[in-house]
*Asks:* 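There's a structure below that I have some questions on.
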Amino acid sequence: MPLPKLPTKPATILLAKDYPRAEPGKSPVRATAKAENDPVEDLISGPAVPAPKTAKPRKSKAALLAEAPAREDKPAGAPAAAAPVPVRAEKPVKPGKAAKDDAVAKLRETDMNEPHPAKHKPVEVNVKSQASRKADTSGATKVFVLDTNVLMHDPTSLFRFEEHDVYLPMMTLEELDNHKKGMSEVARNARQVSRTLDALIANVDDDAIETGIPLAKLGNKDAKGRLHFQTRLNGAALPEGLPSGKADNQILGVVRALEAEQPGRAIVLVSKDINMRIKARALGLAAEDYFNDHVLEDTDLLYSGIVQLPDDFWTKHGKGVESWQEIKGGYSSTFYRVTGPLIPSLLVNQFVYLEPKNGEAPLYAQVKQINGKTAVLQTLRDYSSNKNNVWGITARNREQNFALNLLMNPEVDFITLLGQAGTGKTLLALAAGLAQVLETKVYNEIIVTRVTVPVGEDIGFLPGTEEEKMSPWMGAFDDNLEVLMKSDGDAGDWGRAATQDLIRSRIKIKSLNFMRGRTFVNKFLIIDEAQNLTPKQMKTLVTRAGPGTKILCLGNIAQIDTPYLTEGSSGLTYVVDRFKGWGHSGHVTLARGERSRLADHASDVL
């Protein structure tokens, strides 16, 4: 049997737009012909065969776009469109449909220019219950029945429901009493809720408890509803098979009894327990998650700190531009004062970049001032060059260069770095810290801390002092320190050992459990794995900063190990959203992994 003939041309990686498409009446194996007489390459056998003459020519997207009438907002300098080709009459198009089809075609054209189809993660959207949506439409107030885990998750949740009423079953109070002992965060929250309830019912007679206590009594003006307690036993029967002694089932019975007592009002159960909400919906009861701690519904909308300028930026913003140079810290920076329609959408300390495709010089800058439609842009220092290395580390991509400009800027006090594993968050932070502690002496020492949430099963108590107990959690910093402590080979063993001892003496590892009440002065504080912190814990840490202290929050919101925390309710997401636009804070989302090709591939496919 003869061997198959080897191909004469090397294989190439096809773009998404070059793959054949299956169509009715046509073989999905053959590529679509560009014109009637163009040869069609058989993707299996290799030789080109002529296209059948009866097949109608199929126009490419470029030809269809050229036939479309030119838009009025065509940018200056764009090539003139080809002469219109007569097209046969079509069905009348509804108003607005042409614009929608044009936008869809542009999106498809953009996706087809990518080497592979873009992956999109499923969007987690918190949908309200049907009863809640009806009440929102009619403008009627609702009654929210709170589960215990909502109060223990957010002690101030009683005052987060605006004009609506809050109802607390007796079983919720019983569970609060069971969880009030201990030094954990849950126990502290339970005690805080108990103290709040005690202050609300103080100096209130029995009739007021029956009719409801105003939630604005303690000064919370946003809470315009009333607080109701379960004052009598409700006789609502649950389906057979549900054990009546379980706390969740008793709360479900209270919700059903309230619906029977107030038939014209929306009764909504609020719980952080997914199974509790599923059981409630299965019984026909309205149930929702607690939304108030969610900073964003979709984390794709999270502030990235980086904006790509359009290609016509200088055309629309270059009129009357002013430029000057200033020398700060021995480095000369160029400033531009520009005015245009894009400026109001920018934020202070946001990074902007423009990479023209016509060979012009790119622009990498940071927004320094915004006044209406006028902004001041400052060019960045190029940390990808060896002459500007930070403790021997240079930026490998655009986002790392933005991050180093923030880390080395003494005017920025609070920095957040987001990115998946291998993007260089810890390495950049440590390198910048060592350079500013040992070389420029801007800070006294580096303090490293992180939340001790294990990925798997806990291994038990650890021996030693505070730093010895924290050292197993700091394996990532030890790995990066080994890279940073590779000094000159001519220094010898004694020189390397002295350098390591000096570096170790300036790095302190602290536990989060002992942070309350402390004040850090002239410290370089690094908070690793900050996505596992709650907003309250994040506030406790950030408020520890004294004069001359810089705080860095590193994390990946896709790797959250803390129960009851999601990407939208994480403390890291909270501070990124609240600190954006402040003149002494900055944020960068690192996109490209620089650890290894194996790590990059694993993060994509696993």
*Asks:* More than 12 non-hydrogen atoms from neighbouring residues, nucleotides or ligands closer than 6.0 Å to CG on N371, yes or no?
*Replies:*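 Counting other residues, nucleotides and ligands, CG of N371 stays at 12 neighbours or fewer.
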*Asks:* Which atom names give the shortest non-hydrogen contact between K272 and D289, and what distance separates them?
*Replies:*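 Smallest interatomic distance, heavy atoms only, reads CD-OD1, 3.4 Å.
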*Asks:* Do the side chains of E162 and K224 get close enough for a salt bridge, i.e. N-O under 4.0 angstrom?
*Replies:*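 The answer is no: the pair does not qualify as a salt bridge.
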*Asks:* Go through the steps to decide whether Y167 and I267 satisfy the test side chain to side chain contact (heavy atoms under 4.5 Å, CB included), and finish with yes or no.
*Replies:* CA-CA 10 Å; Y167 190 94; I267 311 296; over 6 Å; no
*Asks:* Ignoring hydrogens and geometry, is there a side-chain-to-backbone donor-acceptor pair from D165 to R226 under 3.5 Å?
*Replies:*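 Between the backbone of R226 and the side chain of D165 there is a qualifying donor-acceptor contact (under 3.5 Å).
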*Asks:* If you look at every heavy atom in N189 and M152, which pair is closest and at what distance?
*Replies:*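 Shortest heavy-atom separation between N189 and M152 comes out as ND2-O, 2.7 Å.
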*Asks:* Measure the OG1-CG distance between T156 and L151 for me, rounded to the nearest 0.5 Å.
*Replies:*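 Output value for this atom pair is 10.0 Å.
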*Asks:* Begin from the C-alpha positions of T374 and Q369 and carry the test side chain to side chain contact (heavy atoms under 4.5 Å, CB included) through to its verdict.
*Replies:* CA-CA 8 Å; T374 303; Q369 294 178 9; over 6 Å; no
*Asks:* Going by the rule salt bridge (Lys or Arg N to Asp or Glu O under 4.0 Å), which residues pair with K180 if we only count those two or more places apart in sequence or in a different chain?
*Replies:*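 K180: salt bridge (Lys or Arg N to Asp or Glu O under 4.0 Å) contacts with D177.
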*Asks:* Any side-chain heavy atom of T416 within less than 4.5 Å of one from F579?
*Replies:*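 A side-chain contact under 4.5 Å is absent here.
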*Asks:* Which heavy atom in G581 sits nearest to a heavy atom in L347, and how many Å separate them?
*Replies:*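 Heavy atoms of G581 and L347 come nearest at CA-CB, 4.1 Å.
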*Asks:* Look at the side chain of Q436 and the backbone N and O of A432, then say whether any donor-acceptor pair between them is shorter than 3.5 Å.
*Replies:*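 At least one qualifying donor-acceptor pair exists.
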*Asks:* Where do T589 and V576 land on the side chain to side chain contact (heavy atoms under 4.5 Å, CB included) test, with the steps shown first?
*Replies:* CA-CA 10 Å; T589 299; V576 169; over 6 Å; no
*Asks:* Would the distance check show the side chain of R277 and the main-chain N or O of S271 forming a donor-acceptor pair, the cut-off being under 3.5 Å?
*Replies:*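 Here the side-chain-to-backbone pair exists.
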*Asks:* By the definition side chain to side chain contact (heavy atoms under 4.5 Å, CB included), identify the one residue from V145, T172, V270 that meets it with V150.
*Replies:*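 Checked V145, T172, V270 against V150; only one passes side chain to side chain contact (heavy atoms under 4.5 Å, CB included): V270.
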*Asks:* Check whether E259 reaches the backbone of L285 with its side chain - one donor and one acceptor, N or O, closer than 3.5 Å.
*Replies:*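 Side chain of E259 to backbone of L285, a donor-acceptor pair under 3.5 Å: no, none is there.
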*Asks:* Main chain of M170, side chain of Q230: is a donor-acceptor contact present, judged purely on distance under 3.5 Å?
*Replies:*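 Present.
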*Asks:* Taking the side chain as every heavy atom from C-beta outward, state whether L302 and L418 have any atom pair closer than 4.5 Å.
*Replies:*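 L302 vs L418: side chains touch.
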*Asks:* Determine whether a donor-acceptor pair (N or O, by modelled atom type, separation under 3.5 Å) exists between the side chain of R544 and the backbone of T540.
*Replies:*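 Yes, because the side chain of R544 sits within donor-acceptor range (under 3.5 Å) of the backbone of T540.
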*Asks:* Kindly indicate, with the supporting measurements, whether the criterion side-chain hydrogen bond (donor to acceptor under 3.5 Å, both in side chains) is fulfilled by K425 and N556.
*Replies:* CA-CA 10 Å; K425 303 182 296 294; N556 178 15; over 6 Å; no
*Asks:* Mind telling me whether Y290 and H153 have parallel, tilted or perpendicular rings, with 30° and 60° as the class edges?
*Replies:*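 Correct class here is perpendicular.
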*Asks:* How long is the straight-line distance from OG of S585 back to CD1 of I415, given to the nearest 0.5 Å?
*Replies:*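 Atom-to-atom, I415:CD1 and S585:OG are 9.0 Å apart.
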*Asks:* In Å, rounded to the nearest 0.5 Å, how long is the span from CZ of F524 to CG of L430?
*Replies:*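 Atom-to-atom, F524:CZ and L430:CG are 8.0 Å apart.
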*Asks:* Taking Q378 for its side chain and Q366 for its backbone only, find out whether a donor-acceptor pair lies under 3.5 Å.
*Replies:*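 No, the answer is negative, given that no donor and acceptor are paired below the 3.5 Å cut-off.
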*Asks:* I need the minimum non-hydrogen distance between A375 and I343, along with the two atoms involved.
*Replies:*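 Heavy atoms only, the tightest pair is CB-CG2, 3.5 Å.
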*Asks:* Is atom CG of N178 surrounded by more than 12 heavy atoms (other residues, nucleotides or ligands) closer than 6.0 Å?
*Replies:*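 Counting neighbours around CG of N178, more than 12 heavy atoms of other residues, nucleotides or ligands fall under 6.0 Å, so yes.
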*Asks:* Please round to the nearest 0.5 Å and tell me the distance separating atom CD1 of I526 and atom OG1 of T449.
*Replies:*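 It is 11.0 Å, given to the nearest 0.5 Å.
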*Asks:* Please step through side chain to side chain contact (heavy atoms under 4.5 Å, CB included) for the pair L197 and L158, ending with a clear verdict.
*Replies:* CA-CA 9 Å; L197 294 176; L158 289 170; 3.7 Å; yes
*Asks:* Any sub-3.5 Å donor-acceptor pair from H587's side-chain atoms to Y303's backbone N or O?
*Replies:*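 Yes, the answer is positive, given that a donor and an acceptor are paired below the 3.5 Å cut-off.
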*Asks:* Atom CZ in R160, atom CG in L215: separation rounded to 0.5 Å?
*Replies:*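 Answer rounded to 0.5 Å: 12.5 Å.
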*Asks:* With side chains defined as the heavy atoms from C-beta onward, is the minimum distance between D248 and N275 less than 4.5 Å?
*Replies:*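 The answer is no; the side chains never approach within 4.5 Å.
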*Asks:* Considering residues at least two apart in sequence or located in another chain, which fulfil the salt bridge (Lys or Arg N to Asp or Glu O under 4.0 Å) criterion with E163?
*Replies:*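 Salt bridge (Lys or Arg N to Asp or Glu O under 4.0 Å) list for E163, sorted by chain: empty.
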*Asks:* Judged by atom type as modelled, is there a donor-acceptor pair below 3.5 Å linking the side chain of K550 to the main-chain atoms of N409?
*Replies:*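 Yes; judged by distance alone, with no hydrogens or angles, the pair exists.
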*Asks:* What heavy-atom pair brings L252 and K279 nearest, and what distance separates the two atoms?
*Replies:*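 It is CD1-CB, 4.1 Å.
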*Asks:* If you measure from the Lys or Arg side-chain nitrogens to the Asp or Glu carboxylate oxygens, is any gap between R232 and E210 under 4.0 Å?
*Replies:*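 Yes.
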*Asks:* Kindly say whether G583 contributes a backbone atom to a donor-acceptor pair with the side chain of E411 at under 3.5 angstrom?
*Replies:*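 The answer is no, because no donor-acceptor pair under 3.5 Å joins these two groups.
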*Asks:* Considering residues at least two apart in sequence or located in another chain, which fulfil the ring pair (Phe, Tyr, Trp, His ring centres under 6.0 Å) criterion with F161?
*Replies:*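 Ring pair (Phe, Tyr, Trp, His ring centres under 6.0 Å) list for F161, sorted by chain: F144.
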*Asks:* So how far is it from M276 CE to D147 CG, rounded to the nearest 0.5 Å?
*Replies:*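 Separation between the atoms: 4.5 Å.
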*Asks:* Please give me the minimum heavy-atom distance between G433 and I446, naming the atom from each residue.
*Replies:*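 Smallest heavy-atom distance, with atoms named: C-CD1, 3.5 Å.
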*Asks:* Are the side chains of R578 and P535 in contact, using a 4.5 Å heavy-atom criterion?
*Replies:*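 In short, these two side chains do not touch, never coming nearer than 4.5 Å.
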